[in-house]
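Working notes, structure below.
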Amino acid sequence: MSNQMWGGRFASGPDAIMEEINASIDFDRKLALQDISGSKAHVAMLAATGIVSADDARAIEQGLDTIRGEIEAGTFTFSRALEDIHMNIEARLAVLIGPAAGRLHTARSRNDQVALDFRLWVRDTIDALDAQMHDLQQALAEKALAHAGSVMPGFTHLQSAQPVTFGHHLLAYVEMLGRDRSRLHDARARLNECPLGAAALAGTSFPIDRMKTATTLGFDRPTANSLDSVSDRDFVLETLGAASICAMHLSRLAEEIVLWATPQFGFAALSDKFSTGSSIMPQKRNPDAAELVRGKAGRIIGALTALLIVMKGLPLTYSKDMQEDKEGTFDALENLSLCLAAMTGMVRDLNPDLARMRAAAGAGFATATDLADWLVRSLNMPFREAHHVTGRLVAAAAEKAIGLEDLTLAEMQAVEPRITKELFDVLGVDKSVESRTSYGGTAPVNVRAQAAAWLAKLANS
Ligand code: ARG
């Protein structure tokens, strides 16, 4: 059977393999509700401008409402022979209301239609992801406030560097998510132009009102260039870019949870709710959800790369290659949503072992920098010299296999005679973090204030 949309030019139907490669209905059915919203805005504009009669417009709108009901109820029959969501809905409309259905596609093409539908879907998804990122920030900031004074080792090169607080560490991720959300907001602002009315590529000779459809659909304005309108997928790429960076952040936190949950670190444990066992090793508790968040970052970043490669060779304007924009995007953004939900659950579930964190924070001469700073402050020693003196004190302690704070005053004075007993005031891990009051530093007083400031901010946005 030849196609009911372009059957005029075609004598026969497609080869089976043509239908197999061409049909997108198996995945673009996800755009059904956006397609109906777009069509309703379009037909309302066609009626307002006198391009279709009020009676036909009413019949079309009622038919579209019926179809929406069928889709929501799960009774709509999607057909691969009808290729994509646009033609599936239009064909059903023709069955429901007869020839008037054929007027809906006036001054429109599937090229501007799919550009519109996908924009609407991405916009809805951005809003949902933003809300999830907010929830994760909330969980992190609440835990940060509770642990503003809990000492843990801070790392560089994954070697213990200086003591920090667990709250400070968690707030680092709140900052990252703040930038992730800001990137999504930026993407949304640039996305929010309506491509409907660009038609196939060149615009239309019908007296359409693009401002009206744009406003009806919640866009700031219509897109300015019809060629760009049907060939642009920047809004997807920007969203996938923001999603990839966020996924990378979640993956880094997931990696830390994996490390913390090992018996070797023992910094924090996940409860049974977020752990799995081994079918052979009874002692095992595996942080599978964290590992999956780390793993899924790969496929999310992959979707960005895939679409960049699809787009890079395309001449203006629409080419069917662009149908490949959807599956990876759906998959990536749905998986990011899953990762955000899982990470929020894990953060709330995470139970830190404060004693182990504290012990590890003090190990490895972690307060050596504090000692050097004391020499600079109290003895007016140049920092380079203080670094050298401290190095000798570390060597002395290491030789005896004791901590810096366990050296006697006499032993210290053997290295630097001007050292006084006041030096011992800066050597414990608590003293160390309490002293780091510089803006953005790890002092509990700072962390408490920053966590509270974030929580206040998150209460409004
Ligand atoms: N299913 C198509 C897509 O997703 C819709 C646009 C088709 N346009 C065309 N000229 N064949 O890209």
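Just so you know, ligand 1 is whichever comes first in the structure, and atom 1 is the first atom listed for that ligand.
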- Which residue owns the protein heavy atom closest to atom 12 (O) of ligand 1, what's the atom, and how far is it? Tyr318 OH, 2.4 Å
- Task: Determine the interplanar angle of the His169 and Tyr173 rings, folded into 0 to 90°, and report it as parallel if under 30°, tilted if 30 to 60°, perpendicular if over 60°.
- Result: tilted
- Would you kindly check if the NZ (Lys) or CZ (Arg) of Lys30 is within the cone defined by 45 degrees around the ring axis of Phe330 and under 6.0 Å from the six-membered ring centre? yes
- Task: For this output row, return yes or no: ring centroids of Trp121 and Phe235 closer than 6.0 angstrom.
- Result: no
- Atoms of ligand 1 under 4.0 Å from any heavy atom of Ser24, numbered from 1 in the order shown, are 1 (N)
- Message: Is it true that Asp288 and Thr276 share a donor-acceptor pair across their side chains at a distance under 3.5 Å?
- Response: yes
- Among protein heavy atoms, which lies nearest atom 11 (N) of ligand 1, and at what distance? Arg110 NH2, 3.4 Å
- Item | Top protein contact for atom 10 (N) of ligand 1, by heavy-atom distance | Asn111 OD1, 2.9 Å
- Here the atoms of ligand 1 under 4.0 Å from any heavy atom belonging to Asp84 are 1 (N), 2 (C), 5 (C)
- Tell me which protein heavy atom sits closest to atom 4 (O) of ligand 1, plus the residue, atom name and distance to 0.1 Å. Lys326 NZ, 2.5 Å
- Check whether NZ of the Lys or CZ of the Arg Arg358 lies under 6.0 Å from the centre of the six-membered ring of Phe166 and within 45 degrees of that ring's axis. no
- Message: Looking at ligand 1, is there an atom of it that comes within less than 4.0 Å of some heavy atom belonging to Gln113?
- Response: no
- Query: Would you call Glu19 and Arg80 a salt bridge, using N to O less than 4.0 angstrom?
  - Reply: no
- Query: What is the closest protein heavy atom to atom 1 (N) of ligand 1, and at what distance does it sit?
  - Reply: Gln323 OE1, 2.8 Å
